[in-house]
Amino acid sequence: QQQLVESGGGLVQSGDSLTLSCVISGFRLDDYAIGWFRQAPGKERDGAFCISSRGVEIYYDESVKGRFTTFRDNAKNTVYLQMNNLKPEDTAVYYCAAVTDYSGNWHFLWDEYEFWGQGTQVTVSS
C-alpha cells in the first residue's frame with residue numbers, strides 16, 4: 001500500500017526555519033516525482049515545488065524562490081522541504097504527493113498526482 005506521511009510542521013515566528021519531511025512507503029521513491037503543495041485557509045491548494053525522479057528540483061511558486069528548497073534521500077525513502085525565512089503568508093497546510101515518472105519530468109498540476117499525504121500544518125506568526 002502506497003503511503004506518504006508528512007511531519008515537521010508547527011508554529012514559528014516570522015524569519016524562522018522549518019524542515020518538513022515526507023516519508024514514503026509502499027513504492028520506490030526513485031520511480032516517482034514528488035510535489036509539495038500548500039493550502040492556506042480559504043484558498044485553493046497550490047503547488048510550490050517539485051522534485052523529479054532523478055532528484056532535480058524546480059519551484060513553481062515565485063514567493064518561495066530563494067527561501068525554500070527540496071531534496072530527497074532515496075536510501076531513507078524520504079523527501080524534505082527546507083523552508084527558510086518563513087513569512088506569515090506561508091501559513092498553510094503542506095502536502096507532499098507522488099506521481100509515477102521514470103523519465104525525470106516535473107509535474108505541476110495537483111490532479112496529476114496519484115498519492116497524497118495527510119498534510120502538516122505550518123503557522124507563521126508575525
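Here, residue 1 is the first one in the sequence, and each next residue gets the next number.
For the pair C96 and I34, the tightest heavy-atom approach, listed with the atom from each and the gap, is CB-CG2, 4.4 Å. Taking all atoms of both residues into account, the shortest heavy-atom contact from G8 to T120 is N-OG1, 4.2 Å. Closest approach of N105 to A33, counting heavy atoms only: O-CB, 3.9 Å. Nearest heavy-atom pair, F49 versus I58, reported as atom, atom and distance to 0.1 Å: CD2-O, 3.3 Å. The heavy-atom pair separating P88 from S14 by the smallest distance is CD-OG, 3.9 Å. S17 approaches N85 most closely through the heavy-atom pair OG-N, 4.1 Å.
Taken to the nearest 0.5 Å, the CZ atom of F115 stands 10.0 Å off from the CD atom of Q1. Between atom SG of residue C50 and atom CZ of residue F108 there is a gap of 6.5 Å, rounded to the nearest 0.5 Å. Atom OG of residue S53 and atom CG of residue L29 lie 9.0 Å apart, to the nearest 0.5 angstrom.
No side-chain heavy atom of D46 sits less than 4.5 Å from a side-chain heavy atom of Q39. T78 is not listed as a side-chain neighbour of R72, based on a closest heavy-atom distance of 4.5 Å or more. In this structure, the side chains of T70 and Q82 stay at 4.5 Å or more apart for every pair of heavy atoms. Between T100 and E114 there is a side-chain heavy-atom pair separated by less than 4.5 Å. Residues V122 and L18 have side chains in contact (heavy-atom distance under 4.5 Å, counting atoms from C-beta outward). Between F71 and D73 there is no side-chain heavy-atom pair separated by less than 4.5 Å.
Taking 4.0 Å as the cut-off between side-chain N and carboxylate O, D90 and R67 count as a salt-bridged pair.
Listed for the W106 side chain is a donor-acceptor partner under 3.5 Å among the backbone atoms of V56. Here the side chain of N74 pairs no donor or acceptor atom with the backbone of N77 at under 3.5 angstrom. With hydrogens and angles ignored, the 3.5 Å screen pairs a side-chain donor or acceptor of S125 with a backbone N or O of V12.
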Apply side chain to side chain contact (heavy atoms under 4.5 Å, CB included) to residues V124 and D16 and explain how you reach the verdict. CA-CA 8 Å; V124 185; D16 285 351; over 6 Å; no
Requested in this report: Quick one: do Y94 and M83 satisfy side chain to side chain contact (heavy atoms under 4.5 Å, CB included)? Show the steps, please.
Outcome: CA-CA 11 Å; Y94 285 70; M83 305 184 294; 3.8 Å; yes
Run the side-chain hydrogen bond (donor to acceptor under 3.5 Å, both in side chains) test on T123 and Q121 for me, step by step, so that the C-alpha distance in whole Å, both residues' side-chain angles and the decisive distance to 0.1 Å come before the verdict. CA-CA 6 Å; T123 303; Q121 176 70 48; 3.3 Å; yes
V79 and W36: CA distance, side-chain angles, deciding distance, side chain to side chain contact (heavy atoms under 4.5 Å, CB included) verdict: CA-CA 10 Å; V79 180; W36 286 96; 3.7 Å; yes
*Apply side-chain hydrogen bond (donor to acceptor under 3.5 Å, both in side chains) to the pair E57 and T69, showing each step before the final yes or no.*
CA-CA 8 Å; E57 66 170 337; T69 187; 2.9 Å; yes
### From CA spacing to verdict: side-chain hydrogen bond (donor to acceptor under 3.5 Å, both in side chains), E6, S21
CA-CA 5 Å; E6 300 101 332; S21 299; over 6 Å; no
- Show the numbers, then the answer: is there a side chain to side chain contact (heavy atoms under 4.5 Å, CB included) between F68 and L86? CA-CA 9 Å; F68 292 11; L86 282 161; 3.9 Å; yes
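Figure legend: R38 and Y95 shown without cation-pi pairing, the cationic atom not lying both under 6.0 angstrom from the six-membered ring centre and within 45 degrees of its axis.
Under the 30°/60° scheme for interplanar angles, the aromatic rings of F37 and Y113 are found to stand perpendicular.
Checking S63 against E89 by side-chain atom types alone, no donor-acceptor pair falls below 3.5 Å.
More than 12 heavy atoms of other residues, nucleotides or ligands sit less than 6.0 Å from atom CH2 of W116.
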